[in-house]
Every structure is written in C-alpha cells, then in structure tokens.
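Working notes, structure below.
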Amino acid sequence: MPELPEVEVTRLSFAFDIAGAIIISVRMGKSLRWPLGCCPAQLAGRSVLAVRRRGKYLLVDLDHGLLLVHLGMSGSLSFARRLPPAGAHDHFEMVTTQGTLRLTDPRRFGAVVYADSEDAPQARKLLGKLGMEPLSDVFDVDRFHAALKRRKAAIKQVLLAGDVVVGVGNIYASEALFMAGIRPTLSAGRLSRPRSVKLHAAIGDVLARAVAKGGSTLRNFSSANGDSGHFQLEAMVYARQGQPCRVCGTSIKTLRQGQRSTFYCPHCQKA
DNA sequence: AAAAGCCCCTGGATGC
DNA sequence: TGCATCCAGGGGCTTT
C-alpha cells in the first residue's frame with residue numbers, strides 16, 4: 001500500500017500519541033525481511049521520543065538508538081491502548097505505557113531494524129543513498145534537474161529508484177509524469193529544464209495533495225489509528241489502461257518497466 | 001558509476 | 001469447486 005503519502009499519514013496518526021511512552025516489551029517474529037538487530041529485551045525501559053520519516057522509512061527515535069520501520073508492499077501499523085489479539089500476519093509488536101504498536105504485513109517485505117544511531121552501519125545501509133525529500137526545502141529544482149541530467153535510464157525508473165528523490169512509488173510516478181506531460185520511457189537526461197521544472201512541481205503537488213487527503217490508495221488504506229476509507233484521490237492514469245484519458249479521451253496505455261507496470265496517456269504524454 | 005534483473009512472500013483475481 | 005497463472009503500492013543485492 002504505502003508510498004510516501006501513506007507512510008506520512010501513518011506517522012501523523014500515532015507520532016503524537018506515542019511520544020513520551022516507555023517501552024514495556026517488544027516481540028519480533030523471525031519472518032520479516034531482516035532480523036531486528038538487537039535483543040528485544042534490551043529495548044524495555046527505553047522511551048520513545050518522536051517518530052520521523054525519511055523516504056518510506058519511519059524512524060522511531062528512542063532515548064538511546066532508533067527503530068527503522070518499513071511497510072514494504074503490504075504492511076500497515078496500528079497503535080492503540082488495546083489491540084485485538086495478534087493474527088498470523090502480525091510480525092512485530094511493541095507494548096508501551098501509552099499503547100501498543102503493531103506491524104501487520106502479509107507479504108513480509110516490511111522490516112523493523114534497530115540501530116544505535118542514524119550513523120550506525122545498519123541505518124546507513126538503509127538510509128545512506130536516499131535522495132531528496134520531495135515535501136521539504138531540500139527538494140531544489142536546480143539539484144533535481146542536474147541529477148536527472150546525469151542519468152540515461154527512463155525517467156519513470158529514475159523516479160522509482162529513490163536516489164534522486166524519495167517517496168515516489170509506482171502509483172505516483174505514473175501520476176506525476178502524467179501531470180507533467182512526460183512519457184515515462186523518456187531518458188531522464190533528455191528532460192529539458194522547463195520540463196524538469198514541471199515534473200518537480202508535479203511530484204510535490206501530487207504527494208502533498210495525497211497527504212492532505214489522508215493517503216490516497218486504490219484499495220483500503222488505514223492509518224495507525226484506524227482511520228480509513230473516505231479519502232481517495234482519483235488516479236488520472238494508474239490502473240486505467242483501456243479507459244479514456246480524463247483530459248483528452250485517448251485510451252490509456254500500459255507497459256512494463258523493470259517488472260513494474262507503467263500507465264500513461266499517449267496523447268498527453270507525447271515524449 | 002549506473003543500469004538491468006532477480007528475488008524475497010502471500011493473497012486475491014482471473015481463466016480453464 | 002479445484003487448480004494454475006498472473007499480478008500487486010518496495011527495494012536491497014548481484015550481475016553486467
């Protein structure tokens with residue numbers, strides 16, 4: 001489910017409530033992407049200072065060390081005073097004085113990794129190569145254009161790679177390219193400056209709107225406090241192959257790029 | 001250095 | 001109804 005907006009909405013839904021909590025116990029299944037990286041028992045007694053986000057990672061700051069949480073493809077977090085009994089897909093649980101944080105993830109591409117600090121090797125491995133935060137001031141249009149200039153790969157795949165700009169997943173990559181009128185297969189280095197500017201704006205725009213709407217998704221997305229449903233951002237192209245473009249009526253096309261589906265309008269995105 | 005493939009895993013939809 | 005196949009919102013790792 002989660003691209004940047006869903007991760008950010010998840011963060012906002014429990015960051016305030018968990019801040020200041022003291023960890024009572026941590027339970028970790030062996031079945032997520034990586035092992036926790038420390039003994040769960042040694043986290044007991046530490047307190048939760050804050051929850052930040054970097055790309056699609058949530059960083060749970062403790063008074064010593066931090067947890068890196070990733071939702072993978074199918075993960076979601078719950079945080080509440082009381083949660084229903086754990087099910088087969090609940091792989092991580094952290095009981096605190098203010099509630100229990102639980103990661104539910106059927107496909108188990110998600111992860112919870114402990115690191116002593118953001119500079120520790122376990123954290124650097126995951127965060128070290130991440131690109132600019134699209135909703136922050138560091139997402140500078142000059143740096144964006146310059147970074148694209150250095151790349152020959154298709155613009156869609158450069159966006160997905162996350163080393164230029166983070167948080168743009170498979171849905172929003174297609175949506176942003178549509179908004180900017182750019183063909184997903186175009187080599188990133190061939191984007192003119194005006195088109196880079198347009199894409200830069202489109203990325204910020206589509207992500208900010210999705211966050212404002214509470215995390216857009218095609219299927220049900222629910223944040224850590226259980227809110228879900230009513231928000232739904234209408235996709236212009238994603239998963240709309242064969243349907244008429246909402247702007248010009250041309251049939252939306254799909255293709256595969258790096259084993260992921262891409263959607264675009266052949267008329268609105270000519271090159 | 002950058003690009004392209006591979007793979008991790010389960011579940012739902014579709015087709016025979 | 002049963003079974004096979006394909007596809008899914010990610011990204012680290014290995015190989016070119």
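Residue numbers start from 1 in every chain, and the chains themselves are labelled A, B, ... in the order their sequence lines are given, proteins ahead of strands. Predicted model only: the values in this text are computed from it and were never measured.
Using a 5.5 Å limit on the distance between ring centres and a 30° limit on the angle between planes, the aromatic ring of A:Phe109 does not count as stacked on the six-membered base ring of C:dG11.
With hydrogens and angles ignored, a donor-acceptor pair under 3.5 angstrom links the side chain of A:Arg107 to the base of B:dC9. At a cut-off of 3.5 angstrom, counting only N and O atoms as typed in the model, there is no donor on one side facing an acceptor on the other between the side-chain of A:Arg260 and the base of C:dA8.
Map A:Phe263 and A:Tyr57 each onto its nearest nucleotide of DNA chain C; the residue landing nearer the 5' end is A:Phe263.
A:Tyr172 and A:Asn170 share no donor-acceptor pair across their side chains, judged by distance under 3.5 Å alone.
Looking at A:Lys125, A:Arg124, A:Arg52, A:Arg54 one by one, the single match for salt bridge (Lys or Arg N to Asp or Glu O under 4.0 Å) with A:Glu118 turns out to be A:Arg52.
Within the 4.0 Å cut-off from OP1 or OP2 of B:dT10, not a single side-chain nitrogen or oxygen of A:His89 is found. Dashed line: the shortest gap from a side-chain N or O of A:Arg256 to OP1 or OP2 of C:dA8 is under 4.0 Å.
Among C:dG11, B:dA3, C:dC7, the nucleotide with an atom closest to any side-chain atom of A:Ser261 is C:dC7. Nearest to the side-chain atoms of A:Gln259 among the listed nucleotides B:dG5, C:dC13, C:dA8 stands B:dG5. Taking every side-chain heavy atom of A:Leu126 into account, C:dG12 is the closest of C:dG11, C:dA8, C:dG12. The side chain of A:Lys125 approaches C:dC13 more closely than any other nucleotide in the set C:dG10, C:dC7, C:dC13. When distances run from any side-chain atom of A:Gln157 to the nucleotides C:dG11, B:dA4, B:dT10, the shortest one goes to B:dA4.
At the heavy-atom level, A:Gly169 lies under 4.0 Å from the strands shown only through sugar-phosphate atoms.
When every heavy atom of A:Ser31 is checked against every heavy atom of A:His91, the shortest pair comes out as OG-ND1, 3.3 Å.
The separation between A:Arg108 atom CZ and C:dG11 atom P is 19 Å, rounded to whole Å. Here the P atom of nucleotide C:dC7 and the OH atom of A:Tyr238 are 12 Å apart, to the nearest Å. A:Leu58 has its CG atom 14 Å from the P atom of C:dG10, to the nearest Å. Rounded to whole angstrom, the span from the CZ atom of A:Arg33 across to the C1' atom of B:dT10 amounts to 15 Å. The distance from atom CG of A:Asp163 to atom P of B:dA4 is 13 Å, rounded to the nearest whole Å.
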Kindly express the pairing pattern of DNA chain C in dot-bracket notation, using | wherever a base pairs with another strand and counting only Watson-Crick or G-U pairs under 3.5 Å.
.|||||||.|||||||
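Between the side chain of A:Arg246 and the backbone N or O of A:Ala235, at least one donor-acceptor pair lies under 3.5 Å. Between the A:Arg143 side chain and the A:Ala147 main chain, no donor and acceptor come within less than 3.5 Å of each other.
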